[in-house]
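Read the numbers this way: they start at 1 and go in the same order the structure lists the ligands and their atoms.
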Amino acid sequence: MDDLIKQAAEDLASASKVTALTGAGISTESGIPPFRGKGGLWERYDPMEIAHIDALMKDPAKVWNILVKEMKVDTANPNDGHRGLAKLEKMGKLKTVITQNVDGLHQAAGNTDVIEFHGTFAWLRCMDCSRKYETREVDISQIPPRCICGGILRPDAVFFGEMIPQDALWRSRQVASDCDLMLVVGTSAVVQPAALMPIVAKESGAKVVEINPEKTPLTDEISDYLIMGAAGDVMNQIIEKLEQIS
Ligand code: APR
């Protein structure tokens, strides 16, 4: 792994426009479970039962109960993986983070340009009048929380069966095709269209570097190399090496 850490630091040192694509794996060290693989949410729940728009419409209280209990909406804090990407931004390397996560931890760590591809849990939206509320301003012990119009509030996140926000999709394609290095951190790269972004970057001539304890469908097809490890530990080592050579 040391050689790959050194390689990644050298590639970052020579890169001018870095983009990151992140998934649930970068937040596992903050206590938020992944969706797939060992300990994944979808091992315990049927995603069509709790993360599909039809399920939310049918039984909002059931969806709310599980999401709040499992997603640690209001208690999780950034970890070294998030902080490492924020440091890369401060070093003038990383421009944009495209995240599939709805936890707001990249912004909490200090990244300023974060595309929330699947929306966010930091905001709620009324299912009747579309009024928006900041989640931390709402008493989510009352399940499901209600709008002043009486409507039910839902997370402002993308559920299965819903479209990706057009501006997020458009901007993600733009930054993916514009970067010269894409860090792909903690995603199983099986959910579309997010998993398309490393391919867009590769086809536009960028280097693609994966950080994940496991291989993904990108590893042997698209990625230049995979650093097999936990995001927090790997990002710490890369930043340390980068600071030495910069
Ligand atoms: N550091 C880095 N990667 C990790 C870590 C870690 N500490 N722990 C786990 N991983 C990796 C796993 O090996 C796996 O490849 O993170 C990945 C998590 O994959 P998923 O759980 O499938 O999460 P993600 O890719 O973000 O899922 C995409 O699917 O269910 C939907 O909307 C949901 O945004 C989500 C989308």
Just the distances, no angles: every ligand 1 N or O to protein N or O pair closer than 3.5 Å, one line each.
residue  : atom   : partner : partner atom : Å
ligand 1 : 1 (N)  : Ala231  : N            : 2.9
ligand 1 : 7 (N)  : Thr28   : OG1          : 3.2
ligand 1 : 7 (N)  : Glu29   : OE2          : 2.8
ligand 1 : 8 (N)  : Thr28   : OG1          : 3.4
ligand 1 : 13 (O) : Asn212  : OD1          : 2.8
ligand 1 : 15 (O) : Asn212  : ND2          : 2.9
ligand 1 : 16 (O) : Gly186  : O            : 3.3
ligand 1 : 19 (O) : Ser188  : N            : 3.4
ligand 1 : 21 (O) : Phe35   : N            : 2.7
ligand 1 : 21 (O) : Arg36   : N            : 2.9
ligand 1 : 22 (O) : Arg36   : NH1          : 2.6
ligand 1 : 22 (O) : Ser188  : OG           : 2.6
ligand 1 : 25 (O) : Thr187  : OG1          : 2.7
ligand 1 : 25 (O) : Ser188  : N            : 2.9
ligand 1 : 25 (O) : Ser188  : OG           : 3.2
ligand 1 : 26 (O) : Ala24   : N            : 2.8
ligand 1 : 27 (O) : Arg36   : NH1          : 3.0
ligand 1 : 29 (O) : Arg36   : NH1          : 3.1
ligand 1 : 29 (O) : Arg36   : NH2          : 3.0
ligand 1 : 30 (O) : Arg36   : NH2          : 3.1
ligand 1 : 30 (O) : Trp42   : NE1          : 3.0
ligand 1 : 34 (O) : Gln100  : O            : 3.2
ligand 1 : 34 (O) : His118  : ND1          : 2.9

Would you say Thr135's side chain and Phe121's backbone share a donor-acceptor pair under 3.5 angstrom? yes
Which residues satisfy the side-chain hydrogen bond (donor to acceptor under 3.5 Å, both in side chains) test with Thr112, sequence neighbours excluded? Glu89
Residues passing the side-chain hydrogen bond (donor to acceptor under 3.5 Å, both in side chains) test with Thr19, sequence neighbours excluded, are none
In this structure, CD1 of Ile50 is separated from CZ of Phe159 (nearest 0.5 Å) by 8.5 Å
In short, ring pair (Phe, Tyr, Trp, His ring centres under 6.0 Å) pairs touching residues 11-44 with sequence neighbours left out are Phe35-Trp42
Under 3.5 Å side-chain donor-acceptor pair for His82 and Thr22: no
